[in-house]
There are 2 protein chains.
Amino acid sequence: MKSPHPPPLDRYDRRILELIQQEGRISNQELAERIGLSPSPCLRRLRALEESGLILGYRALVDARQLGYRLMALVHISMDRHTPERFANFERQVAALPQVQECLMITGQEVDYQLKIRVEDMDDYQQLLLQHITPIEGVSGVHSNFVLRPVFENRGVPVAP
Amino acid sequence: MKSPHPPPLDRYDRRILELIQQEGRISNQELAERIGLSPSPCLRRLRALEESGLILGYRALVDARQLGYRLMALVHISMDRHTPERFANFERQVAALPQVQECLMITGQEVDYQLKIRVEDMDDYQQLLLQHITPIEGVSGVHSNFVLRPVFENRGVPVAP
DNA sequence: TCGCCCGATGGCATAATCTGCCAATCAAAC
DNA sequence: GTTTGATTGGCAGATTATGCCATCGGGCGA
């Protein structure tokens, strides 16, 4: 999957990465056309990028609001004792909650994790917090911020020249 | 694109949404097989979901670390004067920075925005902050947290039954 | 209970796409 | 200028997508 010496990316590879980050389901033919290559080598390059692990996968972006998730929250969690077992347990429990879209271990004097959460409304949020997050062993502090407006999300990673 | 009365989702639609959030480039044939429908109606449903706006698009996930982006930071921004023009200007300037992966306007007594940033290293980060973010008109406070470990990201939106 | 009606399904045929193979091309090193 | 190696383009077979039409099934009224 991941070679020890990843070959450098030329301009074709970079164009491919840029385009499939924007249009993940673009056909190989159109991809080839846009990068100025014939379909054959274009597909070979795409497969190579997938094999190398540079392309981790493909996702459809679903409109969470249309599914009823009108509330997005950023939750900062602090843990009382910093043992590996506590962390591992917390991460496992949190991964089991589908409302938790993202979990980052971060720096901060009073904070250990930031969670990004999607729920329908405040009632849901309160229930999730009180019944599923606060009770996790080791959680000593919880601080919530709510997203007033997502200015932009899910941007592609810049592919430098 | 977005109908005023979106038709309710049945179990087929929900399965489609679940699967394409995990495998965005799955072929229609395999998708049909997995949801227990023949290719014809499966494709019709997929297209309908795209037309309705529920599926916003498709993205390839690129491994940022392999591209050299070893540092991920969460930056909290406070603005000194809360006028619409200031906000709009800030958002425009920030959207022009490819290192800024996400920009959320959030609640908080001292905070107005959270940015998620990817850079190669601390030098890059310092330069981005001092040369491109701090100078934006209206920015009065900047506070950085760094991501020690992304436990998980890019999870799909739960599609409730 | 029966029969009608509307929407959704499955299958088919055609069109488009994917994908492996081969010879030809290009670039760099000698 | 020649050789060597990798990359490309085109072609053919296999796979997939997509529009069309008859059929099926569920809900509604009689």
Side-chain angles (χ1 to χ4, degrees), chain A residues 1-63 66-68 156 159-161, chain B residues 1-63 66-68 156 159-161:
Chain A
M1 192 67 109
K2 190 179 174 181
S3 68
H5 292 293
L9 304 175
D10 63 12
R11 54 177 180 162
Y12 290 127
D13 292 320
R14 284 193 287 267
R15 284 287 290 151
I16 290 176
L17 289 178
E18 282 172 3
L19 285 170
I20 60 172
Q21 283 192 94
Q22 300 306 316
E23 295 184 52
R25 243 182 129 102
I26 188 175
S27 76
N28 180 57
Q29 296 219 356
E30 186 168 352
L31 185 60
E33 201 172 309
R34 295 232 204 133
I35 69 175
L37 218 54
S38 68
S40 225
C42 180
L43 184 64
R44 264 195 302 268
R45 282 166 179 273
L46 182 63
R47 292 287 176 263
L49 290 171
E50 291 169 354
E51 291 300 315
S52 75
L54 232 162
I55 295 174
L56 296 168
Y58 299 89
R59 297 283 147 88
L61 281 190
V62 171
D63 188 345
Q66 280 198 55
L67 278 181
V159 185
Chain B
M1 192 65 110
K2 189 178 176 181
S3 70
H5 291 293
L9 303 175
D10 64 12
R11 53 177 179 158
Y12 291 127
D13 292 322
R14 285 193 286 268
R15 285 285 289 148
I16 290 176
L17 289 178
E18 283 173 0
L19 285 170
I20 59 170
Q21 283 193 91
Q22 299 306 316
E23 295 185 51
R25 248 184 123 103
I26 189 174
S27 76
N28 180 57
Q29 296 219 356
E30 186 169 350
L31 185 61
E33 201 172 307
R34 295 231 204 135
I35 71 175
L37 218 55
S38 67
S40 227
C42 180
L43 185 64
R44 265 195 301 267
R45 282 167 179 271
L46 183 62
R47 293 284 177 265
L49 290 171
E50 291 169 352
E51 290 302 313
S52 75
L54 232 162
I55 296 175
L56 297 169
Y58 299 89
R59 296 285 148 89
L61 281 190
V62 171
D63 188 343
Q66 279 198 57
L67 279 181
V159 185

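As the structure is a computational prediction, the values presented were derived from the model and not from experiment. The analysis underlying the following values was restricted to heavy atoms, covering all of them including side chains, and did not include hydrogens, waters or symmetry mates. Note on naming: letters A, B, ... go to the chains in the order of the sequence lines (proteins, then strands), and numbering restarts at 1 for each one.
The salt bridge (Lys or Arg N to Asp or Glu O under 4.0 Å) test applied to B/R47 returns B/E50, not counting sequence neighbours. Not counting sequence neighbours, the partners of B/E30 by the side-chain contact (heavy atoms from CB on, under 4.5 Å) test are B/I26, B/S27, B/R34. Every residue two or more places apart in sequence or in another chain that forms a side-chain contact (heavy atoms from CB on, under 4.5 Å) with B/L61 is listed here: A/L56, A/R59, B/N154. Listed by chain and number, the residues in a salt bridge (Lys or Arg N to Asp or Glu O under 4.0 Å) with B/E33 amount to none (sequence neighbours excluded). B/R15 pairs by the salt bridge (Lys or Arg N to Asp or Glu O under 4.0 Å) definition with B/E18, not counting sequence neighbours. Residues passing the side-chain hydrogen bond (donor to acceptor under 3.5 Å, both in side chains) test with B/R25: none are found, sequence neighbours excluded.
Note that the two end axes of the helix from C/dT1-D/dA30 to C/dC30-D/dG1 enclose an angle of 30°, each drawn from 5 base pairs, rounded to 10 degrees.
Within residues 17-24 of chain B, no residue is approached by DNA chain C to less than 4.0 Å at the level of any non-hydrogen atom.
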In 5'-to-3' order, the base (B), backbone-only (S) or no-contact (-) status of each nucleotide in nucleotides 8-22 of chain C, using a 4.0 angstrom heavy-atom cut-off, is SBBB-----SSSBB-
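For B/P39 against B/N28, the heavy-atom pair with the smallest separation is O-ND2, 3.1 Å. The two residues B/I55 and A/A60 have their closest heavy-atom pair at CG2-CB, 4.4 Å.
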Report task. I would like to know whether B/L31 and B/R45 meet side chain to side chain contact (heavy atoms under 4.5 Å, CB included); could you show each step before the answer? Result -> CA-CA 11 Å; B/L31 185 61; B/R45 282 167 179 271; over 6 Å; no
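Annotation: side chain of B/L54 is in contact with side chain of B/L9 (closest heavy-atom distance under 4.5 Å). B/L49 has its side chain out of reach of A/V62: every pair of non-hydrogen atoms, C-beta onward, lies at least 4.5 Å apart.
When atom types are taken as modelled, the side chain of B/Q66 and the backbone of A/G53 share a donor-acceptor pair closer than 3.5 angstrom.
Protein chain A contacts DNA chain D over a range whose 5' and 3' limits, counting nucleotides with an atom under 4.0 angstrom from a non-hydrogen atom, are D/dT7 to D/dG10.
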